[in-house]
Amino acid sequence: MPELPEVETIRRGLVRAVIGLKLLSVETDNPKKFLGVDKDIVGARIKKVWRRAKVLIIDFDNGNSLLIHLKMTGQLIFEDKKGKRIKGGHPIPPLNLPVPNKSTHAIFKFDGGVMYFNDIRKFGWLLITLTSEISNLSFFVGLGPEPLEKEFNKKKLKEILTLKKNLKIKPVLLDQKVLSGIGNIYADESLFLAKIHPEERIVSLNDADLGALYDGIVTALKTGIKHKGASDSSYVDLGGEKGVFLTYANVYHRTGMECTYCKTKIERIVVGGRGTHFCPNCQKKKHIC
DNA sequence: CACTTGACCTGTCCGC
DNA sequence: TGCGGACAGGTCAAGT
């Protein structure tokens, strides 16, 4: 479930914790999901930490980068030389999840601390490659725009959605080649804010709907970042702390609970094979499909 | 060709 | 209580 806000929260933690550190060693027990040659980054220092879609990218000062995709259950935990973790300033107590543990699949030792990669379901992947080659990776080719970038606006959203006009809106929001960074949680929340039914065909959305959708996407993602992400099971930030976004969610995982706006009971359906939460009163379908 | 479904994994939750 | 099965969600491959 790490989506854009969760990955961005971890990225910000990494910027605080690991910039300038020298990598001393790498261990992994899951080489199938750890591609590239670790020697290419051992001995180098971290120069920059950035993000594209849901992928974290750590640039080293020797022209190589470490890419990390957390997929559903991936976690990164950093402890400094004294075993201390960074604090996210959360209103809830830290979990103090011990590391390493049985889902730890990679350990990065630095001159200033240790970074653990945990992944219960082993869907995540790590890749070491030349920084200059990143944009040529198959994963990055064709990736849609970053929804929070300045260049992205209502006009762009309309342009890219129009190409998919016969499809239901929610699966398109999840398509990383259309827009990058949105996952199941923020797709549902964005559609609620825009008052659009998740099964609405794009063709039947008017300019006002698309404008509201743009605003909904931006608001949902920014609110997610503000609350350090959404933790419904295993997501934690770099300090091992949960995000609290779901406390503020309007529909996600609120099946049977009252809509925050109209008190109608939130419903759960399956759209494009994904659990989908919406308010049947606030998000009425325009046409019967 | 465009779109939908299943596989990848494992921990958690629900019902019998 | 114990066990089995459904379910969770990101992405790619396979299927329709």
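Below, read A as the first sequence line, B as the second, and so on, with proteins coming before strands; counting in each chain starts at 1.
- A salt bridge between K242(A) and D237(A) is absent, with no side-chain N of the basic residue lying under 4.0 Å from a carboxylate O of the acidic one.
- Protein atom CG of D119(A) is 10 Å distant from nucleotide atom P of dT10(B), rounded to whole Å.
- With salt bridges taken as basic N to acidic carboxylate O contacts below 4.0 Å, none links K81(A) and D111(A).
- In this structure, R52(A) pairs ionically with E146(A), as a charged nitrogen and a carboxylate oxygen lie closer than 4.0 Å.
- Nucleotide dG10(C) holds its C1' atom 16 Å from the CZ atom of R52(A), rounded to whole Å.
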Polar-atom pairs under 3.5 Å, protein N or O versus N or O of nucleotides 11-14 of chain B: list them with distances, or write none.
none

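- In DNA chain C, runs of at least 3 consecutive Watson-Crick or G-U pairs, each pair with both distances below 3.5 Å, span B:2-8 with C:10-16, B:10-16 with C:2-8.
- Note: H227(A) and F245(A) have tilted aromatic rings, judged against thresholds of 30 and 60 degrees for the angle between ring planes.
- By the 4.0 Å N-to-carboxylate-O rule, D80(A) lies too far from R85(A) to be salt-bridged with it.
- In this structure, the CG atom of L163(A) is 13 Å from the C1' atom of dA2(B), given to the nearest Å.
- Separating the C1' atom of dG6(B) from that of dA6(C) is a span of 16 Å, rounded to the nearest Å.
- With salt bridges taken as basic N to acidic carboxylate O contacts below 4.0 Å, one links K170(A) and D188(A).
- Contacts of G273(A) with the nucleic acid, taken as non-hydrogen atoms under 4.0 Å apart, are absent.
- Among the candidates L238(A), T104(A), V236(A), the single residue satisfying the side chain to side chain contact (heavy atoms under 4.5 Å, CB included) test with I77(A) is V236(A).
- D40(A) meets the side-chain hydrogen bond (donor to acceptor under 3.5 Å, both in side chains) test with no other residue; sequence neighbours excluded.
- The existence of a salt bridge linking K156(A) and E159(A) is excluded, since no basic side-chain nitrogen approaches an acidic carboxylate oxygen closer than 4.0 Å.
- Separating the CD atom of Q75(A) from the C1' atom of dC9(B) is a distance of 15 Å, rounded to the nearest angstrom.
- As rounded to the nearest Å, dA14(C) and dC9(B) have P atoms that lie 14 Å from one another.
- Straight-line distance between the P atoms of dC7(C) and dT5(B): roughly 15 Å, to the nearest whole Å.
- A donor atom on one side chain and an acceptor atom on the other are not found under 3.5 Å apart for D119(A) and S103(A).
- Taking atom CG of D175(A) as the reference point, atom P of dT4(B) lies 10 Å away to the nearest angstrom.
- Protein atom CG of N166(A) is 18 Å distant from nucleotide atom P of dC1(B), rounded to whole Å.
- In summary, K87(A) and E241(A) do not engage in a salt bridge, as defined by a charged side-chain N under 4.0 Å from a carboxylate O.
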Dump the pairs, protein N or O against N or O of nucleotides 3-7 of chain C, anything under 3.5 Å, distances to one decimal.
none

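- In this structure, of dG10(C), dT4(B), dT10(B), it is dT10(B) that holds the atom nearest to the side chain of K122(A).
- The pair D207(A)-K158(A) counts as a salt bridge, with a side-chain nitrogen and a carboxylate oxygen less than 4.0 angstrom apart.
- Within 4.0 Å of K33(A), counting heavy atoms only, lies no atom of the nucleic acid at all.
- N118(A) has its CG atom 15 Å from the P atom of dT10(B), to the nearest Å.
- Membership of the apolar cluster around I57(A) extends to L35(A), W50(A), V55(A), L67(A), W125(A), L127(A), I134(A), L137(A), F139(A), F140(A), L143(A), as traced through chained side-chain contacts below 4.5 Å between ILVMFWY residues.
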Inset, instruction - Encode nucleotides 11-16 of chain C as B, S and - characters from 5' to 3', where the letter depends on protein heavy atoms closer than 4.0 Å: B to the base, S only to sugar-phosphate, - to neither. - result: BS----

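- E199(A) has its CD atom 16 Å from the C1' atom of dC3(B), to the nearest Å.
- Contact check on E199(A) versus K285(A) returns a salt bridge, with a Lys/Arg side-chain nitrogen under 4.0 Å from an Asp/Glu carboxylate oxygen.
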